[in-house]
Amino acid sequence: MTGGTEIRAGSHGFRLNRPEKVLFPDDGFTKRDVVEYYRAVAPRIVPQLRGRPLMMLRHPDGIERPGVVQKNVPDHFPDWIRRERLPKEGGSVLHPVCDDTATLLYLAGQACLTPHRWLARADHPDHPDRLVFDLDPSGGTGFADVRWAARRVCALLEEELRLPVALMTTGSSGLHVVVPLDGRTPFDEVRGFAGDAARLLVARHPERLTVEPRKADRGRRTYLDVQRNAYAQTAVTPYALRALPGAPVAMPLWRGELDGPDLDPRGWTLTSAPDRAREDPWAGMPRGRALGPARRRLATVEE
DNA sequence: CACCTTT
DNA sequence: AAAGGTGAGCTTTGA
DNA sequence: TCAAAG
Ligand SMILES: [Mn+2]
Ligand SMILES: [Mn+2]
């Protein structure tokens with residue numbers, strides 16, 4: 001008698017071992033709950049993963065035990081899991097790529113609670129098609145400060161630089177402001193642009209914002225992190241679960257929700273996110289923009 | 001989680 | 001047979 | 001050159 005339960009999606013299937021193992025002890029959520037969560041949001045999250053190298057944040061013994069950061073596809077993954085070999089400093093990494101629901105569910109069954117995605121596609125790994133401003137509280141600032149910072153970032157990008165933005169909660173304590181790019185600019189230039197924009201905002205609001213890489217230098221200021229915009233760096237995938245009590249979810253927002261009264265960085269969870277995901281705030285994501293015009297505008301706007 | 005090594 | 005180890009030693013920044 | 005950071 002072999003244990004576990006058979007999971008099927010499309011033309012692939014696999015055996016889920018120990019489906020009733022509790023991975024979120026405070027909430028009682030099991031491995032099966034995690035797999036079913038990802039099945040429910042698959043129509044939203046798979047398009048956010050498609051074609052992108054992944055980094056797996058796995059918690060095989062639950063969220064109260066230290067997790068495993070894993071980039072390479074282990075030998076035992078089935079051959080229908082797509083993988084792409086990408087160069088690293090002294091060799092290469094064989095990343096998983098999730099193009100379909102079956103792969104998503106298999107990764108969930110491997111206790112990959114949180115897939116992080118590259119900001120570039122596997123076929124063009126040096127040229128991101130997303131730019132991310134990662135806004136984090138620091139030194140005791142709160143989510144209200146993060147929201148205020150996000151308004152400043154959005155106002156600069158949209159009104160002064162004429163770039164479209166998309167917003168999401170990270171499911172932890174902050175927000176991401178995402179700009180779709182045309183994929184023709186390499187990471188170093190994209191990050192340089194993002195850093196220039198962030199430093200402009202810090203110059204305007206030096207007591208509320210910071211780009212200091214050292215925690216000790218940040219003080220009580222919201223951190224504008226542009227360092228995710230680099231080769232082999234990743235950002236949490238929209239609709240991903242976070243390995244935190246309550247099983248919060250990184251949730252895309254409607255533009256107007258940034259100013260709404262009820263926004264909570266952990267407001268959507270494994271339980272509530274599937275209903276929410278019947279909406280699709282990022283459905284109208286504009287085409288990726290070239291960086292050149294925005295870069296020229298940035299050079300002319302005043303402090 | 002699943003494989004591998006060590007005891 | 002059972003217990004224990006492993007999976008990123010990435011990539012950028014600036015002191 | 002290396003510790004810190006995400
Ligand atoms: Mn961050
Ligand atoms: Mn963050």
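Below, chain A is the first sequence line, B the second, and so on; all start at residue 1. Below, each value reflects all heavy atoms present in this structure, side chains not excepted, and no hydrogens, waters or symmetry copies.
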Original post:
Looking only at atom P, what distance separates C:dA8 and D:dA4, rounded to whole Å?
Top reply: 23 Å

**OP:** Please measure how far the C1' atom in C:dG5 lies from the corresponding atom in D:dG6, and state the result in whole Å.
**Re:** 26 Å

Rounded to the Å, how far apart are [X] [atom1] and [N] [atom2]?
{"X": "A:Asn72", "N": "B:dC3", "atom1": "CG", "atom2": "P", "answer": "16 Å"}
{"X": "A:Asp217", "N": "D:dG6", "atom1": "CG", "atom2": "P", "answer": "12 Å"}
{"X": "A:Asp225", "N": "C:dT11", "atom1": "CG", "atom2": "P", "answer": "17 Å"}
{"X": "A:Glu20", "N": "B:dC1", "atom1": "CD", "atom2": "P", "answer": "12 Å"}
{"X": "A:Arg65", "N": "C:dG4", "atom1": "CZ", "atom2": "P", "answer": "12 Å"}
{"X": "A:Tyr106", "N": "B:dA2", "atom1": "OH", "atom2": "P", "answer": "6 Å"}
{"X": "A:His59", "N": "C:dG7", "atom1": "NE2", "atom2": "C1'", "answer": "13 Å"}
{"X": "A:Gln227", "N": "D:dG6", "atom1": "CD", "atom2": "C1'", "answer": "9 Å"}

[X] side chain near [N] phosphate (N/O to OP1/OP2, under 4.0 Å):
{"X": "A:Lys71", "N": "C:dG9", "answer": "no"}
{"X": "A:Gln233", "N": "C:dC10", "answer": "no"}
{"X": "A:Arg58", "N": "C:dA8", "answer": "no"}
{"X": "A:Arg191", "N": "C:dT13", "answer": "yes"}

Out of [options], whichever nucleotide has its closest atom nearest the side chain of [X]:
{"X": "A:Pro213", "options": "C:dG14, D:dG6, C:dG9", "answer": "C:dG14"}
{"X": "A:Met55", "options": "B:dA2, B:dC1, C:dA8", "answer": "C:dA8"}
{"X": "A:Tyr223", "options": "D:dG6, B:dC3, C:dT11", "answer": "D:dG6"}
{"X": "A:Lys215", "options": "D:dA4, C:dA8, D:dG6", "answer": "D:dG6"}
{"X": "A:Asp134", "options": "D:dG6, C:dA8, B:dA2", "answer": "D:dG6"}

Would [X] and [Y] pass as an ion pair if we require N to O under 4.0 Å?
{"X": "A:Glu189", "Y": "A:Arg184", "result": "no"}
{"X": "A:Arg287", "Y": "A:Asp182", "result": "no"}
{"X": "A:Asp264", "Y": "A:Arg266", "result": "no"}
{"X": "A:Glu212", "Y": "A:Arg218", "result": "no"}

Original post:
How would you label the contact of A:Asn17 with the nucleic acid (heavy atoms, under 4.0 Å): base, sugar-phosphate, or nothing?
Top reply: sugar-phosphate

**OP:** Taking atom CG of A:Asp259 as the centre, report whether more than 12 heavy atoms of other residues, nucleotides or ligands fall under 6.0 Å from it.
**Re:** yes

Subject >> Aromatic A:Trp148 / basic A:Arg152 pairing, under 6.0 angstrom, 45° off normal >> reply: yes

Subject >> Most 5' of A:Asp75 and A:Ala111 on DNA chain B, judged by nearest nucleotide >> reply: A:Ala111

